[in-house]
Amino acid sequence: MVDNLPTLPLTIISGYLGAGKTTLVNHLLRNANGRRLMVLVNDFGELPIDADLIESEEGDTLNLSNGCACCSMGGDLFNALVDALDRTPRPDHLLIEASGVADPARIANIARAEPDLSLDAIISLADAETIIHMINDKQVGETVHHQLVTSDLILLNKLDLVDESDRMKLVEQMEKKAPNAKIIETEFSQIPIDMAVGMDTPDKSRSEEQISTGSHHGPYVKWSKIFQNRLSKVSLEKAIDQLGNNILRLKGIVFFTDSDVPHIVQCVGSRCTITPIQQPDMSNEPHSRLVAIGLKDKLDVEMLDNIFELCHINK
Amino acid sequence: MSITVFQAKKIITMNSNCPEATHVAVREGKILAVGHFDEMAGWLDQDEHRLDTTFAEKIILPGFVEGHAHLLAGGMWKYLYVGFHDRIDPDGKLWPGAVTIEDVLERIRQLDSTLPAGEPLIAWGFDPIFLMDRRPDKTDFDEVSSIRPIVIMHSNFHVMTVNSPTLELAQYNVDSDVDGIAKTDNGEPNGELQEMAAMFPVMRRLGIDFRELGRTQEAVEAFGRVCNRVGVTTATDLINDLDDEAITDLKTFTGRKDYPIRLVPMLNALSQTAAETAKRAVELQAMSTDKLRVGGVKLLTDGSIQAFTARLRWPGYYNGAPNGIWNIAPEQLQTLIDLLNQNSVAMHIHVNGDEAVEVALDAIEFALTNHPSPDHRITLQHCQMADRSQYRRMKKLGVCVNLFSNHIYYFGDQHAAITIGPDRAARMDGCRTALDHGIPLAVHSDAPVTPMGPLTCAWAGANRLTASGTVLGTPECISVQEALHAITLGPAYTLKMDGKVGSIEVGKWADFAVLEDDPTNVDRQTLKDIGIWGTVLGGIIHKIPTE
């Protein structure tokens with residue numbers, strides 16, 4: 001039951017009814033690009049799978065032709081998580097579509113506590129048309145607000161239904177309501193899969209590529225870099241700090257000057273963690289690799305190059 | 001078919017046409033006649049019959065109906081009980097309350113000395129707030145064993161205290177930075193793990209699974225014995241997955257002649273979509289047997305008052321705690337209730353706080369307006385904080401209540417002092433208000449949350465004494481007769497089983513509680529102390545086994 005498999009990263013998809021959670025899940029499953037995603041759907045949620053993706057069905061679980069799976073939690077998060085962890089082969093990434101009134105922080109806490117899970121991200125969807133109204137609702141307002149406040153990324157969704165002139169004001173309002181979350185403007189829950197489940201660390205020296213999402217709103221940009229020499233931890237932390245609102249996600253394997261073991265750097269929204277790798281593969285050269293993703297109008301590739309160059313210590 | 005005539009010192013029938021009797025005749029498991037032996041001659045002439053004088057010195061009441069309990073009340077006894085209050089296990093052993101830390105440790109030491117090496121030691125019912133001197137931590141349990149994992153579940157099931165081997169198993173250490181892993185001053189986990197997240201790694205590694213714990217044959221049988229000991233002949237399991245496998249198992253377990261109760265498990269309405277819930281409930285309606293009654297569903301709206309997760313209206317919690325949680329969004333609840341009502345599915349709706357009551361009543365009003373259903377018997381379960389205006393709405397909507405009267409005793413002091421304050425605590429579980437408004441009333445234990453015992457529930461409703469001995473809201477007290485109704489016909493009505501159980505009347509199932517004393521003739525303060533001899537189910541005697 002408990003073994004030495006790599007930890008299973010967990011992304012929580014939160015948001016009130018009708019914000020676009022099911023659409024997002026379907027979009028991710030359809031565009032999994034070879035990753036074996038496992039999705040747990042909340043208590044009374046429909047399994048959101050388009051029929052053409054389904055290969056087989058066993059009990060509450062639908063197996064998809066692309067290696068992904070989707071399962072109803074049946075009101076029992078405990079057993080659903082135990083089953084997901086015991087599944088062989090273990091999925092590459094676990095997603096939980098929480099119920100409209102669930103507290104994503106409580107679910108995230110399980111991933112923090114369970115050694116075989118790791119918290120990847122809390123993503124909340126907000127229906128751009130109704131979110132301000134919902135935050136002020138007498139019965140569910142504080143629940144909805146709390147979901148936003150505890151999120152790493154907020155998809156301000158269904159923006160196609162909002163007048164261009166109101167959008168800026170809405171984004172500002174949302175920034176005030178959830179100051180620690182990064183807000184991404186979306187339509188039809190369309191985001192690159194990397195935004196939801198994280199990126200693979202790069203294996204080529206420098207790349208800059210457009211990621212097309214089918215949305216005409218702010219195409220995303222991806223940056224990556226390989227460092228031949230070790231980095232200073234303090235400088236890296238400073239660099240990440242300096243980036244502030246400009247990146248949505250950052251990931252990397254980093255070799256520091258003052259440590260023998262490599263570390264994993266992981267930033268989602270404004271939450272960053274730097275943790276030592278438990279069983280590192282030391283056979284490779286100690287080359288640090290970083291990859292970042294952000295909105296094109298906010299992420300300046302040259303700036304990133306410059307900022308991270310400062311971490312580079314020539315011994 | 002032969003007839004058995006049971007003779008009793010007194011039969012309290014709960015039927016106003018014939019409130020008292022001395023004899024009850026039973027044929028084919030059903031009540032053939034009630035009254036005096038002489039009045040039964042017409043029947044006795046037709047068939048061979050037998051006079052059974054086993055109960056000649058006993059008092060017979062209708063078998064008690066527990067309208068809100070859980071099979072876990074049987075299953076929990078797989079683990080060691082270390083609670084503050086006395087409890088009797090399914091086999092009749094009294095587990096006196098462990099009132100000091102030393103009591104708790106001694107009990108754990110004893111079990112540790114008999115358990116095979118490597119097997120984890122798991123206990124339940126722990127209530128450190130009552131153990132005055134200090135809060136025990138891992139060091140206490142490390143002294144019992146520094147090798148064997150020890151897990152002490154608290155009575156609320158939301159917290160556990162574990163020893164160091166268990167912490168190692170979960171890989172908790174100085175670096176663990178998770179809400180719910182309590183730490184010592186020097187930053188090490190102290191052994192207390194709060195809420196599901198912090199408990200998850202421990203439960204996963206030691207295979208502690210509450211759902212499974214209520215499903216086993218052992219649990220179902222133990223639950224039957226728990227019921228039998230307190231005079232219950234019909235009991236609910238108020239949340240169950242009720243998949244096909246569970247139905248097959250439950251039919252087998254309950255179908256045995258020696259199984260002493262009729263079990264009424266309710267489908268969890270929140271574990272699938274509304275449409276699937278409605279479909280399954282309708283399927284289940286066709287699967288009932290005499291001893292397994294299925295087709296009803298349980299809906300969960302908010303949490304609990306003592307955990308500050310109940311949804312309260314203004315002015316909220318007395319200690320300023322933030323408002324509680326929803327298990328389902330109000331608009332989803334409305335859709336669900338509407339659909340279930342259209343499919344004539346019996347609904348039992350968990351509501352603790354008064355905002356949850358309001359949301360449930362809004363949804364019920366919507367559903368009943370949309371699709372009138374004259375005999376729906378929708379029951380609000382717990383419904384602890386409803387005010388009089390909400391009771392007036394319940395009356396208008398034909399809603400029943402099953403109030404958590406035991407809370408007054410077990411948690412009443414805390415409710416007055418901490419959770420909702422003295423004024424609203426005084427109106428909690430307002431049995432008098434419910435009856436004054438003509439609302440069908442039941443009272444319950446929610447076992448294993450509080451120990452099963454309908455006479456205790458009745459006592460709590462009639463006396464409203466708290467654990468500290470104060471009376472919480474005298475105006476809400478009900479009479480003994482009314483309280484007895486609330487543990488017999490009252491809950492039978494909420495389960496739509498009042499045509500079959502809940503009173504001793506011709507044509508009903510011959511289900512009796514056999515008592516040592518007459519509850520209508522004792523000091524109402526001693527109602528809960530009346531001895532129980534056993535029960536009769538469908539004419540079959542189930543004496544409580546003695547050692």
Side-chain angles (χ1 to χ4, degrees), chain A residues 1-3 7 15-19 41-48 59-60 72-86 98-103 105-117 119 134 137-146 150 273 275-276 278, chain B residues 169-172 175-181 193-212 239 241 243 268-277 300-302 309 311 313-314 322-333 335-336 355-356 358-359 362:
Chain A
M1 183 191 81
V2 179
D3 41 43
T7 61
Y16 195 63
L17 311 176
V41 176
N42 79 77
D43 340 1
F44 18 79
E46 300 267 1
L47 289 187
D60 290 334
S72 160
M73 291 200 286
D76 187 346
L77 178 62
F78 175 85
N79 276 293
L81 279 173
V82 169
D83 290 349
L85 283 164
D86 289 348
S99 91
V101 285
D103 176 359
R106 282 189 186 217
I107 303 173
N109 241 342
I110 301 176
R112 290 193 179 98
E114 169 55 57
D116 293 341
L117 285 172
L119 177 64
M134 289 316 304
D137 183 85
K138 186 167 73 108
Q139 286 164 347
V140 296
E142 80 261 40
T143 303
V144 172
H145 187 206
H146 181 73
T150 51
T273 51
T275 43
Q278 294 299 336
Chain B
L169 213 55
Q171 302 175 32
Y172 286 164
D175 299 325
S176 301
D177 179 24
V178 178
D179 287 350
I181 302 178
L193 308 177
Q194 299 147 355
E195 294 302 331
M196 156 83 154
M199 300 195 297
F200 179 87
V202 170
M203 293 172 73
R204 174 168 174 247
R205 283 161 182 74
L206 297 179
I208 303 172
D209 177 349
F210 291 118
R211 190 181 69 144
E212 197 51 35
I239 210 144
D241 296 331
D243 45 56
N268 180 356
L270 305 195
S271 66
Q272 55 276 307
T273 62
E276 286 164 346
T277 298
L300 205 61
T301 63
D302 63 345
T309 49
R311 289 291 310 190
R313 292 183 303 183
W314 190 90
N323 208 346
I325 54 142
W326 293 112
N327 285 292
I328 179 169
E331 56 182 288
Q332 274 176 318
L333 183 74
T335 309
L336 179 57
E355 189 183 33
E358 181 173 283
V359 163
D362 288 348

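Just the heavy atoms: all of them, side chains too, but no hydrogens, waters or symmetry mates, feed the values below. Chain letters run A, B, ... following the sequence lines, proteins first and then strands; every chain starts at 1.
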Checklist entry - Say you draw a straight line from CZ of A:Arg106 to CD1 of B:Ile325; how long is it, rounded to the nearest 0.5 Å? => result 5.5 Å
Item to check | Side chain, backbone, both or neither of B:Arg313 within contact of chain A (heavy atoms, under 4.5 Å) | outcome: neither
Checklist entry - Which distance, rounded to the nearest 0.5 Å, do you find between the OG1 of A:Thr273 and the CG of B:Asp177? => result 11.5 Å
Item to check | Rounded distance [0.5 Å steps], CD in A:Glu142 versus CG in B:Asn323 | outcome: 5.5 Å
Item to check | Proximal component of A:Asp103, with respect to chain B [non-hydrogen, under 4.5 Å] | outcome: neither
Item to check | Segment of B:Ala329 engaging chain A (4.5 angstrom heavy-atom cut-off) | outcome: both
Checklist entry - Looking only at atom types and distance, does a side-chain atom of B:Trp326 sit under 3.5 Å from a main-chain N or O of A:Gln139, one as donor and one as acceptor? => result yes
Checklist entry - Residues two or more places apart in sequence or in another chain: which of them pass salt bridge (charged side-chain N to carboxylate O under 4.0 Å, His left out) with A:Asp60? => result none
Checklist entry - Which atoms of B:Phe210 come close to chain A, meaning under 4.5 Å heavy atom to heavy atom: side chain ones, backbone ones, both, or neither? => result neither
Checklist entry - Shortest non-hydrogen contact from B:Glu355 to A:Lys138? => result OE2-O, 3.9 Å
Checklist entry - Looking at A:Pro115 and B:Ala170, what are the two nearest heavy atoms and their distance? => result CG-O, 3.2 Å
Checklist entry - Just how far is it from atom CG of A:Asp86 to atom CZ of B:Arg204, taken to the nearest 0.5 Å? => result 5.5 Å
Checklist entry - Could you walk me through whether A:Asn109 and B:Glu195 pass the side-chain contact (heavy atoms from CB on, under 4.5 Å) check? => result CA-CA 10 Å; A:Asn109 241 342; B:Glu195 294 302 331; over 6 Å; no
Item to check | Interface moiety of B:Asn327 toward chain A, non-hydrogen atoms closer than 4.5 Å | outcome: backbone
Checklist outcome for this item: Rounded to the nearest 0.5 Å, the CG atom of A:Asp116 sits from the CD atom of B:Gln171 at a distance of 7.0 Å
Checklist entry - Is there a side-chain contact between A:Ile110 and B:Met199, using heavy atoms and a 4.5 Å cut-off? => result no
Item to check | Engaged part of B:Leu193 at the chain A interface, taking heavy atoms whose separation is under 4.5 Å | outcome: neither
Checklist entry - Using a cut-off of under 4.5 Å for heavy-atom pairs, which of A:Thr143, A:Leu17, A:Val140, A:Leu81 has the most such pairs with chain B? => result A:Leu17
Next on the checklist: How long is the straight-line distance from CG of B:Asp241 back to CG of A:Asp76, given to the nearest 0.5 Å?
Outcome noted: 7.0 Å
Item to check | Proximity breakdown for B:Ile239 and chain A, heavy-atom pairs closer than 4.5 Å | outcome: neither
Next on the checklist: So for B:Ser176, is it side chain, backbone, both, or neither that comes closer than 4.5 Å to the heavy atoms of chain A?
Outcome noted: neither
Item to check | Engaged part of B:Glu212 at the chain A interface, taking heavy atoms whose separation is under 4.5 Å | outcome: neither
Checklist entry - Considering all heavy atoms of both residues, which atom of B:Ala197 and which atom of A:Ala113 are nearest to each other, and what is their separation? => result O-CB, 3.3 Å
Checklist entry - Between B:Pro201 and A:Glu114, which heavy-atom pair has the shortest distance, and what is it? => result CA-OE1, 3.4 Å
Checklist entry - Mind checking what makes ring pair (Phe, Tyr, Trp, His ring centres under 6.0 Å) contact with B:Phe200, not counting sequence neighbours? => result A:Phe78
